[in-house]
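The next block holds one structure in the form of structure tokens; read it before the comments.
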Amino acid sequence: MNICVFASGTGTNFEAIVNSIKKGYLSSKISLLITNNSNSGAAAIASRNNIHLHHISRKIFPDISDLEYSEKFLSSMNKFNIDFIVLAGYMKKIPDEVISKFRKRIINIHPALLPSFGGKDMYGTNVHKAVIESGMKVSGITIHFVDEVYDEGKIIFQHCCEVNYDDDEFSLQEKVKKLEHKYYTEIIKKFEEGKVSVVNGRVVIN
Ligand code: GRF
């Protein structure tokens, strides 16, 4: 697959995917990083690995229409013949035109077990804090398709970890990140192998 990663933050998931390509575990290529923050860790990872970076944000295009704004994303990805999008800590809304052009070819990872602990403000340590405060004994990761409603696309894969009494949001985040780095690449591999399909409204991995 010819992948475009969207990322805004430190980029540890992005880096884990880059490393699995380097090791030959994945056969895809990451041709482009789209970010809304060119000072992010993700941007630095792209430049260290000679991955093209496009900075697209409303701050640099404040006056164009929504349609023209989505064209910025689509024409960037067209230039590189992108056929799959991986969101890895992208903090902005994806334009609907991009989602509909890449239907079933755009995935996200969320640091909790959706449909709980998703939506507005559920990012970073906020999520883990909310999980701990709820008293839940397990948390984990959710990899899902992206559709027009935030954090509500069909669930592709989940994996749990325990929430122990002495966990705080930071230790839980560390546990969850380990799962993210391991399983995001594994699921991308399933897409490479054509093993992910939607049957009767549910995702099946063969
Ligand atoms: C991850 O926890 C991911 O689940 C969420 O954003 C975070 C990104 O972390 N969508 P990083 O920038 O990859 O370290």
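Both ligands and their constituent atoms are indexed starting at 1 by order of listing. The basis for the numbers below is simple: all heavy atoms, side chains too, and nothing from hydrogens, waters or symmetry mates.
What sits closest to atom 10 (N) of ligand 1 on the protein, heavy atoms only, is Ile109 O, 2.8 Å. Here the protein heavy atom with the shortest distance to atom 12 (O) of ligand 1 is Gly11 N, 2.7 Å. For atom 14 (O) of ligand 1, the closest heavy atom belonging to the protein is Thr12 OG1, 2.5 Å.
Counting heavy atoms from C-beta outward, Lys29 and Ile21 have side chains that stay 4.5 Å or more apart. Using a 4.5 Å cut-off on side-chain heavy atoms (C-beta onward), Met77 and Ile85 make contact.
For Gly9, no nitrogen or oxygen atom sits less than 3.5 Å from a nitrogen or oxygen atom of ligand 1, counting backbone and side chain alike. Of the polar atoms of Ala88, none of the N or O atoms is found under 3.5 Å from an N or O of ligand 1, judged by distance alone.
Residue-ligand proximity: Lys177 is placed with a non-hydrogen atom under 4.0 Å from ligand 1.
Counting the atoms of ligand 1 from 1 in the order shown, those under 4.0 Å from a heavy atom of Thr10 are 11 (P), 12 (O), 14 (O). Applying the 4.0 Å criterion to heavy atoms of Gly89 picks out, from ligand 1, the atoms 6 (O), 8 (C), 10 (N). The ligand atoms of ligand 1 that sit less than 4.0 angstrom from a heavy atom of Pro111 are 2 (O), 4 (O).
The number of heavy atoms from other shown groups lying within 6.0 Å of CZ (Arg202) does not exceed 12. More than 12 heavy atoms of other shown residues, nucleotides or ligands fall within 6.0 angstrom of atom NZ in Lys93.
Counted by atom type alone, Ser28 and Glu192 present one or more donor-acceptor pairs between their side chains at under 3.5 Å. Side-chain polar atoms of His128 and Ser139 form no donor-acceptor pair below 3.5 angstrom.
Nearest-residue assignment for atom 1 (C) of ligand 1 (options Glu180, Glu15, His181, Gln173; heavy-atom criterion): Glu180.
Ring centers of Phe145 and Phe191: under 6.0 Å apart, within the cut-off.
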